[in-house]
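See structure below.
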Protein chains: 2
Amino acid sequence: MSTPPANANPKPPRAPRNSLTYDRVVAGAVDLADDQGIDALTMRALATHLEVRPMAIYHYVANKDAILDAIVDAVFGEVYIPEATGDWRDELTTRSASMRATLGRHPWAVGLLETRPNPGIASLTNHNAVLDVLLTTGFSLPATAHAYAAIDAFVYGFALQEAMLNSVDLAGSAPELLAGMNLTDFPRITEFAMQHVMQPGYAFGNSFDVGLTMVLNGIAALR
Amino acid sequence: MSTPPANANPKPPRAPRNSLTYDRVVAGAVDLADDQGIDALTMRALATHLEVRPMAIYHYVANKDAILDAIVDAVFGEVYIPEATGDWRDELTTRSASMRATLGRHPWAVGLLETRPNPGIASLTNHNAVLDVLLTTGFSLPATAHAYAAIDAFVYGFALQEAMLNSVDLAGSAPELLAGMNLTDFPRITEFAMQHVMQPGYAFGNSFDVGLTMVLNGIAALR
DNA sequence: ACCTGAACACCGTTCAAGT
DNA sequence: ACCTGAACACCGTTCAAGT
């Protein structure tokens, strides 16, 4: 036989030429972060995911930081871009819901924003559209500044809280913190959990529309 | 001479016994994250900071994850604990301002919340106090849930935006994202920046009180 | 031009060993 | 009991080398 003997750990074949593109690198990184969490997004794991050796990736991006910037902007690219139709409230409600849903699909993005806020095209495009909606419907520059800050603070913060709820892991809590912790030390939490959170029909997400309405009412008053 | 010859890189002496405690480990980790950023918080750097060998730390904490849980809770420990005085609005205003200031001092904490939300004693204590303020001043359980979600979403989100603004680094933006980017593609951002953001007296932080008032007004209406 | 292997300076963490 | 050194399996990234 001219074929080599079967190998328990066969080394994968050399990747074909042009199997990689910048977009495939970014999309693969988003996939990996979605599936395995942001900590699992290593250059080596991404290379395996893309069926390539680690160093091939460096032909398309400068380094890992550039990938982190890029996947944050890729997430912004999924968010609805509001239009200056004249109904600012309707448009910003749709955009806020879309932002929340998008961050819910990619919860790691919220945590990345703090250290990787370098704006990309998608982020700037969405930002510009929101400003356009406000400035064409009678909001002054100061009112626009306050309105924008309030909406995004609420939406980012709500998405952060939802991400937190999804990753709470009691078993993983530091034993040093749990030691000596006692349910009776927190009677209001216990009461709230038993009488409200654990009742049928409760869902944290129910508070999104309520809170957004508060913010939008406040913004309407600035106009 | 019985002393060894001078060494260019003298190995530091063995650390004295009981030089470490759990609290010193946690406080050292907070210092390091504050001073050098969360990425610089490695077990080895922390050991150097504490003048100890890396493995000594493991006598006080199970692993690095436990340290991350602990420093998040240490941050919550700096936040004002509201009291059930009857004036819910005043108390929650004070707590919100304190939370914002605290996260401003430790901006890395916002990013950690997404992956390390395991509640510690300080977090639960503050949480319990906020619930107590609301439940003793006439808020129903559902109203309390909405109020709490809205306040914390706004405060976390605002702190996240402030952290983002402080770490924007145009020079560090991925060139792939900046390539072909053009100021004239974002006319509203340009207009907003020139005519408002760059004018004297503007500060992003000015929007905090405005936004918080929107949320508190909305909460008052739930009562 | 595009992909790769070897190597380097880092990580977190185990384990056995000092004092 | 508390601190340590050596070692292991990982990282991101450089550089020179294949095709």
Side-chain angles (χ1 to χ4, degrees), chain A residues 7 9-26 28-29 32-33 36-72 108 111-112 115-116 118 172 174-176, chain B residues 4 7 9-26 28-29 32-33 36-72 108 112 115-116 118 172 174-176:
Chain A
N7 188 322
N9 269 4
K11 171 186 289 191
R14 191 186 174 89
R17 290 208 144 214
N18 298 312
S19 58
L20 233 46
T21 63
Y22 176 74
D23 287 346
R24 261 182 44 79
V25 168
V26 175
L32 208 49
Q36 324 244 26
I38 193 68
D39 287 344
L41 174 56
T42 67
M43 295 301 279
R44 291 160 129 107
L46 178 56
T48 303
H49 184 71
L50 295 169
E51 295 181 301
V52 127
R53 303 286 178 277
M55 289 316 301
I57 298 171
Y58 287 84
H59 224 263
Y60 299 89
V61 294
N63 50 36
K64 189 176 176 181
D65 275 355
I67 293 182
L68 296 180
D69 285 337
I71 61 177
V72 168
W108 42 266
L112 281 189
T115 41
R116 309 235 55 81
N118 301 322
E176 292 83 357
Chain B
N7 187 322
N9 268 5
K11 172 186 289 190
R14 189 184 177 90
R17 291 211 144 212
N18 298 313
S19 59
L20 233 46
T21 63
Y22 176 75
D23 287 346
R24 261 183 42 79
V25 169
V26 175
L32 208 49
Q36 324 243 28
I38 193 68
D39 287 344
L41 173 57
T42 68
M43 296 301 279
R44 292 161 129 106
L46 178 56
T48 303
H49 184 72
L50 296 168
E51 295 182 302
V52 126
R53 302 287 176 279
M55 290 316 300
I57 299 172
Y58 287 84
H59 225 265
Y60 298 88
V61 294
N63 50 38
K64 188 177 176 180
D65 275 355
I67 294 182
L68 296 180
D69 285 337
I71 61 178
V72 168
W108 43 266
L112 280 189
T115 42
R116 310 235 56 80
N118 302 321
E176 291 82 358

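Here the structure is a predicted model, which means the values were calculated and not measured. Letters A, B, ... are given to chains in the order of the sequence lines, protein chains preceding strands, and every chain is numbered from 1.
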Item to complete: May I ask you to verify if any side-chain N or O of B:Ser19 is less than 4.0 angstrom from the OP1 or OP2 atom of D:dC2?
Response: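 False: B:Ser19 side-chain N/O out of range (4.0 Å or more) of D:dC2 OP1/OP2.
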
Worksheet item: Under 4.0 Å between a side-chain N or O of A:Arg53 and OP1 or OP2 of C:dG5?
Response: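 True: A:Arg53 side-chain N/O within range (under 4.0 Å) of C:dG5 OP1/OP2.
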
Fill in: Whether A:Asn63 side chain and A:Ala66 backbone form a donor-acceptor pair below 3.5 Å
yes

Practice prompt. Keeping the roles fixed (side chain from B:Asp65, backbone from B:Leu68), state whether a donor-acceptor pair exists under 3.5 Å.
Written response: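 No, because the side chain of B:Asp65 does not come within donor-acceptor range (under 3.5 Å) of the backbone of B:Leu68.
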
Which heavy atom of [X] sits nearest to which heavy atom of [Y], and what is that distance?
X: B:Tyr22; Y: B:Tyr60; answer: CD1-O, 3.5 Å
X: A:Val26; Y: A:Ala70; answer: CG2-CB, 3.8 Å
X: B:Arg116; Y: B:Asp69; answer: NE-OD1, 2.9 Å
X: B:Ile71; Y: B:Ala29; answer: CG2-CB, 3.6 Å

Separation of [N] [atom2] from [X] [atom1] (nearest whole Å):
X: B:Leu50; N: D:dT4; atom1: CG; atom2: P; value: 11 Å
X: A:Glu51; N: C:dC3; atom1: CD; atom2: P; value: 13 Å
X: A:Tyr60; N: C:dA1; atom1: OH; atom2: P; value: 12 Å
X: A:Leu20; N: C:dA1; atom1: CG; atom2: P; value: 17 Å

Please list, one pair per line, the donor and acceptor atoms closer than 3.5 Å that link side chains of residues 13-20 of chain A to other protein atoms, with sequence neighbours excluded.
{"from": "A:Ser19", "atom 1": "OG", "to": "A:Pro16", "atom 2": "O", "distance (Å)": "3.1"}

Worksheet item: Reading DNA chain D 5' to 3', what string of ( ), [ ], | and . shows its pairs, if Watson-Crick and G-U wobble pairs count only when both distances fall under 3.5 Å?
Response: ||.|||||...|||||.||

Discussion item. The side chain of B:Arg14 is closest to which nucleotide in this list: C:dT4, D:dC3, C:dA1?
Written reply: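 Out of C:dT4, D:dC3, C:dA1, the nucleotide with an atom closest to B:Arg14's side chain is D:dC3.
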
Item to complete: Report yes if some heavy atom in the side chain of B:Trp108 is under 4.5 Å from a heavy atom in the side chain of B:Leu41; otherwise report no.
Response: no

Worksheet item: Would you say A:Met43 and A:Ile67 make side-chain contact, with heavy atoms under 4.5 Å?
Response: yes

Worksheet entry | Contact pattern, 5' to 3', of nucleotides 10-15 of chain D - B, S or - by protein heavy atom under 4.0 Å | -BBBBB

Practice prompt. Classify the nucleic acid contact of A:Ala56 as base, sugar-phosphate or nothing, counting any heavy atom under 4.0 Å across all strands shown.
Written response: base

